[in-house]
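The structure appears right after this line, and notes come after that.
Order of appearance sets the numbers: ligands from 1, and atoms from 1 within every ligand.
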Amino acid sequence: MRAALSSVPGKQQQGSEFLRDVLEGLGGKTKTLPCKYLYDEVGSRLFEEICAAEDYYLTRTETDLFTKNLGDIAREIGSGALLIEPGAGNCEKIEMLIAELNAPRGYYPMDISPEILQAAEARIKCHLPGIQVWSEVGDFTQPAVWDKLSTIPSRKRVVFFPGSTIGNFEPQKSVQLLELFAANLGAGDGLLICTDLVKDSVVLERAYHDSAHVTERFNKNLLCRINRELDANFDLSLFAHRAFYHPLRQRVEMHLVSLRRHDVSIAGIRVEFAEGETIHTESCHKYTINGFNALLSKGGFKPIRHWKDASESYAIHYAQAI
Ligand code: TRP
């Protein structure tokens with residue numbers, strides 16, 4: 001295994017953590033599952049399918065916004081930047097960005113899926129052969145996954161966080177995540193971060209309940225994964241995918257709804273489901289520009305500027321660590 005993978009906990013340790021988190025999430029009064037477990041290899045591939053789905057406007061809009069404003073964004077970042085990407089995924093956008101930058105120092109991607117990260121690294125090395133890459137497998141919310149950064153001297157660090165991924169964190173957790181970013185940056189270093197904006201609930205709900213049912217497969221893959229990895233017997237036909245916009249919380253919530261009363265066994269432990277009971281698997285928060293600027297400030301950043309598409313559906317923000 002490559003040195004970059006040496007910080008990955010052993011499979012067994014990962015498995016017991018997964019079991020603990022699943023039992024804890026399903027043992028409470030309202031059932032939840034941590035969304036990070038959606039991204040195993042199958043989940044990560046399904047996620048790429050979501051991004052390409054007709055009803056899922058986010059990726060398309062973000063790519064357009066990047067393409068149109070690339071020069072501007074690159075100027076804002078400046079020269080000699082080390083780009084850090086928590087949750088690198090397939091790297092398409094970073095490639096565009098790095099290609100536009102003046103003398104970039106290198107690229108530090110992190111991802112929870114080793115397969116996805118390896119593929120991304122191979123792609124960058126092929127398309128941008130001059131770029132130095134330091135990849136880290138792991139959960140980017142863990143400070144240790146950022147540790148190697150301290151060994152890479154650079155003029156400027158910029159965290160790149162696209163995909164409206166910040167929206168998948170609960171409000172308090174999103175501030176903590178921004179604080180973690182800020183802790184790994186010096187004053188004046190950058191954060192390039194994208195958000196989906198508050199809009200008509202029909203458009204929002206269609207994006208998360210797409211007609212090709214990819215999001216449904218993505219959501220249900222979590223139960224498949226628990227069956228596969230934790231010796232469980234979830235019957236997928238007894239759960240329905242549900243996604244709805246909650247205007248007060250300004251978020252789309254994804255749930256798996258139990259269609260009738262039944263029990264599931266997970267590693268020999270019985271979990272009861274009532275008819276209509278839901279497992280909350282993910283939230284996707286939507287923002288206004290002012291609301292997001294306030295969040296940036298709380299997390300230790302000074303908002304510098306932002307770019308929006310013509311229909312004000314989506315935004316790219318540039319902020320500086322204070
Ligand atoms: N962050 C994106 C969003 O909020 C992508 C995403 C994360 C997503 N989890 C998802 C999309 C679950 C669909 C379903 O939309």
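A centroid separation of less than 6.0 Å is found between the aromatic rings of Phe66 and Phe160. The six-membered or imidazole ring of His255 lies near that of Phe244, with a centre-to-centre distance under 6.0 Å.
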Under 3.5 Å, sequence neighbours excluded: what are the donor-acceptor pairs made by side chains of residues 176-189?
residue, atom, partner, partner atom, Å
Asn184, ND2, Leu180, O, 2.9
Asp189, OD1, Arg157, N, 3.2
Asp189, OD2, Gly186, N, 2.8

Validation: residues 314-322 side-chain donor-acceptor distances under 3.5 Å, sequence neighbours left out:
residue, atom, partner, partner atom, Å
Tyr314, OH, Glu62, OE2, 2.6
Tyr314, OH, Ser164, N, 3.2
His317, NE2, Thr195, OG1, 2.7
Tyr318, OH, Lys156, NZ, 3.3

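Expressed to the nearest 0.5 Å, how far OG of Ser113 lies from CD of Gln118 amounts to 9.0 Å.
Through ILVMFWY side-chain contacts below 4.5 Å, Val257 is grouped with nothing and stands alone.
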Check ligand 1 for N or O atoms under 3.5 Å from a protein N or O and list each pair with its distance.
residue, atom, partner, partner atom, Å
ligand 1, 1 (N), Gly163, O, 2.9
ligand 1, 1 (N), Ser164, O, 3.2
ligand 1, 1 (N), Asn168, OD1, 2.7
ligand 1, 4 (O), Asn168, ND2, 3.2
ligand 1, 4 (O), Tyr208, OH, 3.2
ligand 1, 9 (N), Tyr39, OH, 3.2
ligand 1, 9 (N), Glu282, OE1, 2.4
ligand 1, 15 (O), Tyr56, OH, 2.6
ligand 1, 15 (O), Tyr208, OH, 2.4

